[in-house]
Amino acid sequence: MAATTHDVHDGHGEHHHGPAKGLGRWLFTTNHKDIGTLYLLFSLLMFLIGGSMALIIRAELFQPGLQLVDPHFFNQMTTMHALIMVFGAVMPAFVGLANWMLPMMIGAPDMALPRMNNWSFWILPFAFTMLLSTLFMPGGGPASGWTLYPPLVLQTGDAFPFVILAIHLMGISSIMGAINVIATIFNMRAPGMTLMRMPLFVWTWLITAFLLIAVMPVFAGAVTMLLTDKYFATSFFNPAGGGDPVLFQHIFWFFGHPEVYIMILPAFGVVSQIIPTFARKPLFGYHSMVYATAAIAFLSFIVWGHHMFTVGMPLTAELFFMYATMLIAVPTGVKVFNWVATMWRGAMTFETPMLFSIAFVILFTIGGFSGLMLAIAPADFQYHDTYFVVAHFHYVLVPGAVFSIMAAVYYWLPKWTGHMYNERLSRIHFWLSVIGVNILFFPQHFLGLAGMPRRVPDYALQFTEWNMVSSIGAFIYGISQLLFVYIVIQTIRAGDKATDQVWEGARGLEWTVPSPAPYHTFDTPPKISATNAHG
Amino acid sequence: MSANNGYYVPHQSIWPIVGSIGLFITMVGLANMLTGAWNATVLLIGAAILLFMLFGWFGAVIKESESGLYSQQVDRSFRWGMGWFIFSEIMFFAAFFGALFYARQFALPWMAGDAGRLATHEFLWPAFEYVWPSSGPGELGGEFQPMGWWALPTINTLILITSSITLTFSHEAMRHNQRQKHINWLALTIVLGLIFLGLQMYEYVYAYTELNLRLETGIYGSTFYMLTGFHGLHVAIGAIILAVILGRSLRGHFTAERHFGFEAAVWYWHFVDVVWLFLFICIYVL
């Protein structure tokens, strides 16, 4: 009875009662696994909605001229696609993975603050209902791009306060989620699970949570100033009153740059779990991985100006932001080196999680290199606001963040459901994805270098061929994700029984519990020693 | 089940979803008010639901705490949670302080032709000279007088500092199990907080009527009201939190060893106090 964490009337130890029945289970749940599932399913839904918007964009851009949508609606699509993918798909997916895996990886019975955990999730469906509803309002949804620069964004119609307040809701959700992650990792580790024995996914999430708490409130402040500028005649971004629209860009990117690391650090963590498993070797350079993650997080706070090279900053600022940005390549290089060194002379097999992880390492590195090109201030004057930028950040976000999420789902799905996924189908999904995504985004480098601006519904004739190629890639990639949905549903409903360890080379606490993981794990904290620790 | 064994994981809770619905209705109500479509009814309904949620949720937590379900470890989770929540609040204020510094250090001097920004100055506002406080080259909001730091704001500063001291006395009394003393000092702290808020409201009325210093008075009015306004809101929240703690103390909650509910309120109050000191220096004095 002593270590029973929840049901004080239950003396049977193992036979804790399972989940509640019906819809109430999902609405009122405090269970980290339920909440993780909710996050992941919500993220998948948003991924499909945001993806459909991307397909509308690519369909319009298949050829020059205006075919399908009018320019204003096109701008709403680019804006909503970004907001939904960033705040609705990628971030919730990682929070979902954190919910499922963090307690199991550190030997905790649940997240530290379980009720708040529920609230963090259940704010999101309401926030995105608000955001999506703006598409049907007079004047349409936001069409300023996700960066919401004034004065353009202040021209939004009735949708404006709904967008701002939806962002506030997302911020509240993220901050509570991050606080929960920090409290869990600092306070709920099993005895012996020292910080330097934590799996890398836990480490990267800990650092991500700090980033979230530090920058989401700043974003909230920025959009609050937009709101008062529009409705209460303040002058934060109005030069006539002594304000400055560039001020918004500074505040936005002070949030925005750490935000992009919020979307990639957990991805680093996922890949650092998967590669050792399938290379059957411990992670190379565990300590340097931790320090590199922390270094990247620190640098993320002092590089925001590289988004604003052409806005008219003093030369000293241009130089500072340029050099600081290039510095990020060092810890990132350490990481890529470590992943490759982990695979070096490993006994490798190429199951789907590994395939996605290897693709991540290669394709994310391409995105990193194009980022270095953009970091060079004088060169950026040429690339700025072209499709080169679009290609760059999609390389780090799609075959970067999204591929790592796919890898994580394939990796842990057997643990969640107790069933193996269909390896053959999932490999088809991988190859369609990896081919589709490169056909989709690689030509955008050429378009950008040739001078095609981003956020345009129509373009000059010489850009036609590569746009057609890109659009074809978009539909290959987009439609192949339906296969992913099918595979996941199929795995949940049937499939071969998964063993507890699932993968031959898997190490770490989550593989010591049964598959599917019981509703409550680690009511009694496990003992961790140097030998059964993951790092 | 004892206080030191295991980690209390609550079963199921209706309060988070009630909170989400409350937040949603509040936000939709507020958005529709801003567009001019609705009056305040929906907003108030949402706020009422949120209030109901807060009562229910905190009520449940207090009941669990008083019945001894929380171990030391649960207590530590609350500490981490409150600490980082306060940090997130600091970053929220940082955005507005950042706006103030940027306007004073960069935007306004540049508009006046500083740092080689001659074209902006020559072509757009050749007559503009930088002085602080400023309502910008357009002199939005008309003629105004700045809010001085002497008298009212200084008195307010002293009041808030005093309230932090009285709260520390209250905390000390709690640690030494002197409940009546604890309650007296706590009540005095709340009264000081309310006096601060009253004076702040008086200052706003004075600024609007006598100084013509308004929200729309350019960047000066914007930053002045945004920073002092959000700070005032936080003082009000802090006072409400302390009032709830007072009510709990009167009912005999807390012990000399375990009183994190009270400590969290103390942290929050000190945070609000420190923000005010920055604000007093940056907004009123400098």
Side-chain angles (χ1 to χ4, degrees), chain A residues 1-6 8 20 24 27-30 109-110 112-116 118-119 122-123 126 130 158 161-162 165-166 168-169 172 175 179 182-183 186-188 213-218 220-222 225 228 231-236 238-244 247 250-251 314 523, chain B residues 1 5-17 19-21 23-24 27-28 30-31 34-35 37 57 73 76-77 80-81 84-85 87-89 91-96 98-99 102-103 106-108 111 115 124 134-138 140-141 215-216 218-223 225-226:
Chain A
M1 187 87 184
T4 306
T5 51
H6 47 100
V8 291
L27 288 177
F28 310 133
T29 184
T30 51
D110 206 297
L113 303 158
R115 276 178 288 230
M116 199 172 82
N118 174 308
W119 203 21
W122 275 109
I123 285 175
F126 292 102
M130 257 179 105
D158 283 353
F162 291 87
L165 296 176
H168 275 303
L169 289 181
I172 293 169
I175 291 167
I179 288 174
I182 292 183
F186 277 146
N187 193 30
M188 305 287 284
I213 296 182
V215 302
M216 289 310 288
V218 175
M225 288 185 254
T228 56
Y231 291 108
F232 300 100
T234 56
S235 304
F236 290 106
N238 177 8
D244 191 345
L247 166 62
H250 279 292
I251 303 178
D523 289 349
Chain B
M1 207 170 31
N5 266 329
Y7 195 87
Y8 178 75
V9 178
H11 268 310
Q12 287 210 306
S13 177
I14 63 159
W15 299 116
I17 192 77
S20 292
I21 292 166
L23 261 182
F24 179 64
M27 292 300 194
V28 170
L30 179 57
L34 288 171
T35 61
W57 192 331
Q73 203 185 4
R76 278 201 301 276
S77 285
W80 283 113
W84 289 105
F85 167 66
F87 178 71
S88 78
E89 290 267 52
M91 294 308 289
F92 183 68
F93 276 99
F96 300 111
Y102 187 86
F106 301 118
L108 287 164
M111 275 190 260
L124 293 176
S134 169
S135 56
L140 300 189
L215 193 54
E216 54 269 34
I219 190 69
Y220 177 59
S222 306
T223 48
Y225 282 107
M226 204 68 140

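Below, read A as the first sequence line, B as the second, and so on, with proteins coming before strands; counting in each chain starts at 1.
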Any heavy-atom pair between the side chains of A:Met225 and B:Phe96 that's under 4.5 Å? yes

Are the ring centres of B:Trp15 and A:Trp119 closer than 6.0 Å? no

Drop me the distance from B:Trp57's CH2 to A:Arg115's CZ, to the nearest 0.5 angstrom. 7.5 Å

Could you please spell out the steps behind the side chain to side chain contact (heavy atoms under 4.5 Å, CB included) verdict for A:Phe126 and B:Ile21? CA-CA 8 Å; A:Phe126 292 102; B:Ile21 292 166; 3.7 Å; yes

Drop me the distance from A:Phe28's CZ to B:Ile14's CD1, to the nearest 0.5 angstrom. 6.5 Å

Student check: side-chain heavy atoms of A:Ile213 and B:Phe85 closer than 4.5 Å: no

Shortest non-hydrogen separation from B:Ser77 to A:Leu113 and the atoms involved: CB-CD2, 4.2 Å

From the list A:Gly24, A:Pro239, A:Ala166, the residue making the most non-hydrogen contacts under 4.5 Å with chain B is A:Pro239

Side-chain contact, heavy-atom cut-off 4.5 Å: A:Phe236 with B:Ile219? yes

Spatial distance of atom CE (B:Met27) from atom CD1 (A:Ile123) [nearest 0.5 Å]: 8.5 Å

If I measure from the heavy atoms of chain B, does A:Leu27 come under 4.5 Å with its side chain, its backbone, both, or neither? both

Residue among A:Gly243, A:Ala183, A:Ala214 with most heavy-atom pairs under 4.5 Å to chain B: A:Ala214

If you look at every heavy atom in A:Gly242 and B:Pro137, which pair is closest and at what distance? N-CD, 4.0 Å

Check each atom of A:Met216 against the heavy atoms of chain B and say whether the ones under 4.5 Å are side chain, backbone, both or neither. neither

Between the side chain of A:Asn187 and the main-chain N/O of B:Gln73, is any donor-acceptor distance below 3.5 Å? yes

Among A:Gly221, A:Ala222, A:Ala240, the residue with the most heavy-atom pairs under 4.5 Å to chain B is A:Ala240

Going by heavy atoms in the side chains, are A:Ile182 and B:Phe87 under 4.5 Å from each other? no

How long is the straight-line distance from CE of A:Met130 back to CG of B:Leu23, given to the nearest 0.5 Å? 10.0 Å

Cut-off 4.5 Å, heavy atoms of chain B, and the answer for A:Tyr231 is side chain

Side-chain touch B:Glu89/A:Pro217, heavy atoms, less than 4.5 angstrom: no

Donor-acceptor pair, side chain of B:Ser20 and main chain of A:Trp122, under 3.5 angstrom: yes

Do B:Leu140 and A:Asn238 make a side-chain contact, defined as non-hydrogen atoms from C-beta onward lying under 4.5 Å apart? yes

Against chain B, label A:Ile251 side chain, backbone, both or neither, depending on which of its atoms sit under 4.5 Å from a heavy atom there. side chain

What closest approach, in Å, do A:Ser235 and B:Gly218 show between heavy atoms, and which atom pair accounts for it? OG-CA, 3.4 Å

Donor-acceptor under 3.5 Å (B:Thr35 side chain, A:Asp158 main chain): no

Heavy-atom pairs under 4.5 Å with chain A: which of B:Tyr220, B:Trp84, B:Phe106, B:Phe93 has the most? B:Trp84

Please look at B:Ser135 and chain A and tell me whether the side chain, the backbone, both or neither of the residue comes under 4.5 angstrom of a heavy atom of that chain. backbone

Heavy-atom distance under 4.5 Å to chain A: side chain of B:Met226, backbone, both or neither? side chain

Chain A interface, residue from B:Leu34, B:Val28, B:Leu30, B:Thr223 that has the most non-hydrogen pairs under 4.5 Å: B:Leu34

B:Ala99 portion near chain A, given a 4.5 angstrom heavy-atom threshold: both

Taking the side chain as C-beta and beyond, is there a heavy-atom pair between B:Tyr102 and A:Asp244 under 4.5 Å? yes

Minimum heavy-atom distance between A:Pro161 and B:Ala31, given as atom pair plus value: CG-O, 3.6 Å

Side chain / backbone / both / neither for A:Ile175 at chain B, heavy atoms under 4.5 Å: side chain

A:Pro114 and B:Val9: which non-hydrogen atoms are nearest, and at how many Å? CG-CG1, 4.0 Å

Between B:Met91 and A:Val218 the two heavy atoms that sit nearest each other are O-CG2, 3.6 Å

If I take atom OG1 from residue A:Thr228 and atom OH from residue B:Tyr225, how far apart are they, to the nearest 0.5 angstrom? 14.0 Å

